[in-house]
Structures are given as structure tokens and as C-alpha cells.
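To start, the structure under review is shown below, and the notes come after it.
Counting starts at 1 for both ligands and their atoms, in listed order.
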Amino acid sequence: MIILGIESSCDETAASILEDGKLLSNVVVSQIDIFKSYGGVIPEVAARSHLEAILPVIDKAFQDANLLKDGESDWDKIDYIAVTHTPGLLGSLLIGTLTARTLAILRNKPLYAVHHLKSHIYSNWLDTNEAPVFPLISLVISGGHTQIIYMPEHNHFEIIGTTLDDAVGECFDKVAKILGLPYPGGPSVAQSAKSGNSEKYRFPHPTVEGLNFSFSGLKTAVLRAVQKECGVDISFPSHELKNLLTKEQISDFSASFQKTAIDILLEKLSHALREHPDVKTLVFAGGVSANAELRRLAGIFFAGSTLKIHFPEPKFSGDNAAMVAMACYYEIKSDVKPIDPYSLDISPRSEII
Ligand code: KG4
Ligand code: ZN
């Protein structure tokens, strides 16, 4: 079973080919260099960049997989097409879904529309010989989402916790801006934190009931602490704060913020696991799961537990199309039916998997 996956939900244009769950190719063209100078993603520019990149990226996926006939992409070899249809930036999603729909119709291939967060969860089984062990709990931590999801089996998702405001990745990105660290903020904060003292500054944990999260207060707490450290009041322009900070202070703020964010995530996870004692596997997913300190501290936090702890390979933590094809692979194995390519809907903010 050979699946072509396509992903374009934010600022990565990606295509990947999987055969029976094994990776044949994985092409990701990132727009990071374009958005570095802006300090963030500009949706219209992202959509236009996807439009330029998408067909060459798909061609490259065929080349890397060695699926060529007379030097051209060999479409006869493809059994299914899978594409991210939600959530994401509207214009970005449109490029991927319109491309996938058109190819499905022209090449007469069954089309699967895959939810982005589901793909992130399934990224955990790329390049491994393991299969998911249920029931599992997944912590999905990306730029747009922070959710705890309970999965009793394939294709059954129960959102048992979610952020009430900012996502944790968004919080990393906003703190990076306050500290003057380059886009994308998450990896920059993680890098800066390496030489910092995580005990230097103390930030309060939000008091959110149950398994929900709130990260907007943490971002504001960092802002106030930076203002205090710089000896300025809250009317001081926040984009100028970075000029008043030393490299050492920036590293200490990065490390202290990162430690607090990770502690909040791990505490909620342990709460979720207490409420679901049947869970056998704990799965991290989404861009923030690349964070090395999170991986280290989670290892310590859950040491001694019988849980199987899974992180995706760092190269599959961020947005890619291999995870889309992988999620589709498990949909097909679970007998999920393809969709009608003429009626594929996109939804920029769907929380429902
Ligand atoms: O899953 P993803 O690539 O895109 C979305 O679906 O949103 O996640 C992107 C988010 C961004 O907020 C980025 O700053 C964050 O993941 N991120 C990280 C790290 N790498 C990416 N956050 C913390 N530490 C990292 N190493
Ligand atoms: Zn993502």
C-alpha cells in the first residue's frame, strides 16, 4: 500500500511517500527564512509560497522514493493520496487541499482528508517498528494547540484537556519576541536556555481547574519580570526591552520560562494519568515535543512508571507530510473510507479530530 501525503497547514510545504507504513521519501520546504525578517508568519505570503513550492515538492518526493517512469513521477505506483484539511491557516490549507483534490480526480486515486493533530500523534510511529499500544494519552503541543487527548483505540479521540487561551508553542514564540530572540521562537528559547539558570526567576503556575491549561498569564508574567529587571514600567515599549537585557539575563529568562512551561505540562499530564489509570502509553506530539529539555525532564518525571513514553523522532516533531501519510495508513487499516474529492471541506480552526 503506497500513500502520498501532502501537508501545507502553516509555513512548511511538504510531501512524503510511505509504503506499508515505511518511509520512502520525506520532503519539507520550510518558509522560515522568508519569515525570519518579519518575526512571524504572514498568511498571504505563506499561501503564495506554498503555491510556488507544492508541485516541485511532490515531484521531489517521487524522485527521492525512486518512483519514476521515463524520468517522470510514476503515478501508477500511488494507491492513495492523503492531505491535511484542518486546522491551519486558511490560504495555506487551500493550496494543499486543492492540489490533493485535483490530483485525486485527475489520477483517479482515493483521497483521505487528515486532521493535523491526528497526524502529529501518528508521527510517533514513523521510522519505528513499533505499533501504537492502547489506551494512550497524547499531549499535543504545537503553535496553535495544547491538548491532552485520550485514545482508547485507533481513530477514537477524546479531548480531556485543552488550553483556554494561548497554546504553549505560541507562548514560547511570544516570550522569544519579548527577549529579542529570532523566529521561530521555540527553538531560539530552547537554545538560549541551554546556558541559563532555570532557578533564577520564579513564575506562578496558573490555577486552572481540571486538565485544562492557560498560558497567556505565563507570557505576561515573563513580560512583567523583564520590565522589573530592566527598571522600566509597563508603558515602556516591549519591543525595546531586548536592548536593555544582557545575554546572560536573556538566557536566565529563557531557562526559567522554559522550566515553568514544562513543569505545567508535566503536572497536568500526571493529573490526566491519575484519572485514566488504564493508560499504557504516553505520547508527546507537535512542534514543542522537539524540545530537548522537555524530553529530559519527562524522562525523569515518569522514571519508574510502567508507562511506555513516546516522543517522535525530532525530525518528525515539526510539520511534515510523512505523519499525514502515516495517519492515513492507520485510517485505511481501520477501514475508514476515503472522502469525495469534490466535497472536501477545510476549516482553519477545527478542534475536533
Ligand atoms: O507543530 P508545529 O511545527 O506547527 C503547528 O502545528 O503549530 O509547531 C510549531 C510550534 C512553534 O510555536 C514553535 O516555536 C514550537 O512549535 N517549537 C518549539 C521547539 N521547536 C518548535 N518549542 C519549544 N522548543 C522547541 N525545540
Ligand atoms: Zn503542526
Side-chain angles (χ1 to χ4, degrees), residues 5-14 16 28-32 35-36 39-41 43 46 50 83-89 92-93 96 114-124 126 138-147 149 163 166-179 181-194 196 198 215 218-219 222 254-255 257-265 283-298 311-324 326-327 348-351 353:
I6 297 173
E7 151 68 34
S8 71
S9 63
C10 188
D11 58 345
E12 263 96 21
T13 319
S16 168
V28 183
V29 169
S30 173
Q31 301 169 4
I32 282 180
F35 295 122
K36 248 188 184 139
V41 178
H50 283 305
V83 65
T84 309
H85 73 116
T86 186
L89 300 172
S92 294
L93 286 169
V114 183
H115 194 286
H116 186 61
L117 301 190
K118 179 178 187 173
S119 300
H120 272 304
I121 294 173
Y122 278 90
S123 71
N124 273 275
L126 282 163
S138 180
L139 178 69
V140 180
I141 37 180
S142 69
H145 293 81
T146 304
Q147 295 188 333
I149 297 174
T163 182
D166 291 355
V168 63
E170 186 181 355
C171 191
F172 268 88
D173 296 337
K174 287 178 174 170
V175 166
K177 272 208 165 167
I178 295 168
L179 299 176
L181 296 168
Y183 170 87
S188 302
V189 169
Q191 180 61 30
S192 160
K194 279 186 189 162
S198 63
F215 279 99
L218 177 56
K219 165 208 65 194
V222 173
S254 295
F257 154 72
Q258 177 175 258
K259 172 83 169 50
T260 310
I262 293 171
D263 285 348
I264 292 168
L265 294 173
V283 167
F284 290 79
V288 183
S289 72
N291 188 282
E293 188 62 2
L294 169 65
R295 290 171 182 238
R296 191 180 74 81
L297 292 176
F311 278 91
E313 287 277 318
K315 66 177 177 218
F316 299 128
S317 291
D319 292 344
N320 65 83
M323 65 187 192
V324 181
M326 193 60 159
R349 294 202 65 81
S350 165
E351 302 291 330
I353 294 188

### Query
Is ligand 1 under 4.0 Å from a heavy atom in the side chain of E12, in the backbone, in both, or in neither?
neither
#### Entry: pair Y122-V114: side-chain heavy atoms closer than 4.5 Å
no
### Query
To the nearest 0.1 Å, how far is atom 22 (N) of ligand 1 from its closest protein heavy atom, and which atom is that?
G186 CA, 3.3 Å
### Query
For ligand 1, which atoms, with element, lie under 4.0 Å from some heavy atom of G318?
3 (O)
### Task
Taking the side chain as every heavy atom from C-beta outward, state whether N320 and E12 have any atom pair closer than 4.5 Å.
no
## Note on the structure
Nearest non-hydrogen protein atom to atom 12 (O) of ligand 1, with distance, is D173 OD2, 2.8 Å
### Query
Short list, please: which atoms of ligand 1 are under 4.0 Å from a heavy atom of G169?
12 (O)
### Task
Count the heavy atoms of every other residue, nucleotide or ligand shown that sit under 6.0 Å from NZ of K174, and state whether that count exceeds 12.
yes
### Task
For residues K177 and G39, report the shortest heavy-atom separation together with the two atoms involved.
CE-O, 3.2 Å
### Message
Taking the side chain as everything from C-beta on, heavy atoms only, tell me whether V140 gets closer than 4.5 Å to I121.
### Response
yes
### Query
Looking at H116 and P87, what are the two nearest heavy atoms and their distance?
CB-CD, 3.6 Å
### Task
Among all protein heavy atoms, pick out the one at the shortest distance from atom 6 (O) of ligand 1; state its residue, atom name and that distance to 0.1 Å.
H116 NE2, 3.1 Å
### Query
What N/O/S atom of D319 is the closest to the Zn ion (ligand 2)?
OD1
### Task
Quick one: look up the protein heavy atom nearest atom 10 (C) of ligand 1 and list residue, atom name and how far away it is.
G143 N, 3.5 Å
### Query
For atom 24 (N) of ligand 1, what is the nearest protein heavy atom, given as residue, atom name and distance?
N291 ND2, 3.0 Å
### Task
Provide, to 0.1 Å, the distance between atom 15 (C) of ligand 1 and the closest protein heavy atom, together with that atom's residue and name.
V288 CG2, 3.9 Å
### Task
Under 4.0 Å from a heavy atom of G144: give me the atoms of ligand 1 that qualify, with their elements.
7 (O)
### Message
I'd like to check F257 versus L218 (side-chain heavy atoms, cut-off strictly below 4.5 Å). Are they in contact?
### Response
yes
### Query
Which residue owns the protein heavy atom closest to atom 17 (N) of ligand 1, what's the atom, and how far is it?
G287 O, 3.6 Å
#### Entry: Which atom of S92 lies closest to which atom of S9, heavy atoms considered
CB-O, 3.6 Å
### Query
To which protein heavy atom is atom 2 (P) of ligand 1 closest, and what is the distance rounded to 0.1 Å?
D319 OD1, 3.5 Å
### Metal site the Zn ion (ligand 2): N/O/S of C10 inside 2.8 Å
no
### Task
Mind listing the closest non-hydrogen atom pair of H120 and A285 along with its distance?
O-CB, 3.5 Å
